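Bear in mind the structure is a predicted one, so any value in this text is a computation, not a measurement.
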Amino acid sequence: QSDGDKIESINVSLNNSIGNQFNSSTYLTEDYFFYTSYDENSSFGNGSKLMKYNLHTADVEPINKDFYIGDVHNMLVVDECLYFTTYAETGATDEEGTLPGGFCLFEYNIRKDSVEKIYATPNTIEQIYPFVINNKLYFVASTAKQNGDDFHLNLYSYKNKHYEIIWVFT
């Protein structure tokens, strides 16, 4: 990939909102610029790849090398982890045995260069809304099904690979 391709990819991404506010699909740290890039070879919807641009070396590489995701939203950093939400395969099967997509919350460990799904809302109609208070990740997620049945709105806290429900609205 030439430097011109790298600059073009970044310029396209800069049209999105920057920061840790809702719907942010770019994020800037001291060392990296994170952004999304469309992959036309994907068989998964729009086939986004979450990319990182090293501000010191100008290296560009995908974070989610082995799987495709939908549009990335709600990027934020806590400690050395980048959190983001997207529509992706949830890994859970429904009553018919199919593997539905749903909104998922991912954690990308910047230092270890590893990404994992930490929460999924299979076959739901709502997003996941993460936010940070005192260096701890919280998120609100709906468990409503696409037809509107079984609506619950939960508030979770998450730290060190452990999340707990703090509040439930039914």
For [X], what residues pass the side chain to side chain donor-acceptor pair (under 3.5 Å) criterion, not counting sequence neighbours?
X: Tyr108; value: Lys52, Asp113
X: Asn109; value: none
X: Lys161; value: Glu107, Glu116
X: Asn134; value: none

Check each of Trp167, Tyr119, Tyr129 against Phe139 using the ring pair (Phe, Tyr, Trp, His ring centres under 6.0 Å) test, and report the only one that passes. Tyr119

Angle between ring planes, Phe34 versus Tyr32, binned at 30° and 60°: parallel, tilted or perpendicular?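 If you compare the ring of Phe34 with that of Tyr32, the planes turn out tilted.
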
What closest approach, in Å, do Val78 and Lys136 show between heavy atoms, and which atom pair accounts for it? CG1-N, 4.4 Å

Using side-chain contact (heavy atoms from CB on, under 4.5 Å) as the criterion, list what pairs up with [X], not counting sequence neighbours.
X: His162; result: Glu164
X: Glu80; result: Arg111
X: Asp79; result: Asn135, Lys159
X: Glu30; result: none

How long is the straight-line distance from [atom2] of [Y] back to [atom1] of [X], given to the nearest 0.5 Å?
X: Asn154; Y: Ile165; atom1: CG; atom2: CD1; result: 4.5 Å
X: Asp31; Y: Ile110; atom1: CG; atom2: CD1; result: 8.5 Å
X: Cys81; Y: Tyr158; atom1: SG; atom2: OH; result: 7.5 Å
X: Ile118; Y: Leu105; atom1: CD1; atom2: CG; result: 4.0 Å
X: Leu82; Y: Leu76; atom1: CG; atom2: CG; result: 7.5 Å

Measure the shortest side-chain to side-chain distance between [X] and [Y] over non-hydrogen atoms and say whether it is less than 4.5 angstrom.
X: Leu50; Y: Thr86; result: no
X: Val60; Y: Met51; result: yes
X: Phe33; Y: Leu55; result: yes
X: Pro130; Y: Leu137; result: yes
X: Asn74; Y: Ile128; result: no

Go through it in stages, so that I can follow the logic: the residues are Asp59 and Thr57, the test is side chain to side chain donor-acceptor pair (under 3.5 Å), and I'd like the CA-CA distance, side-chain angles, deciding distance and then a yes or no. CA-CA 5 Å; Asp59 291 336; Thr57 67; 3.1 Å; yes

Taking ring-ring contact (aromatic ring centres under 6.0 Å, His included) as the test, write out the residues that go with Phe131, two or more places apart. Tyr138

Going through the checks in order, is the side-chain contact (heavy atoms from CB on, under 4.5 Å) test met by Thr85 and Phe103? CA-CA 7 Å; Thr85 61; Phe103 288 99; 5.9 Å; no

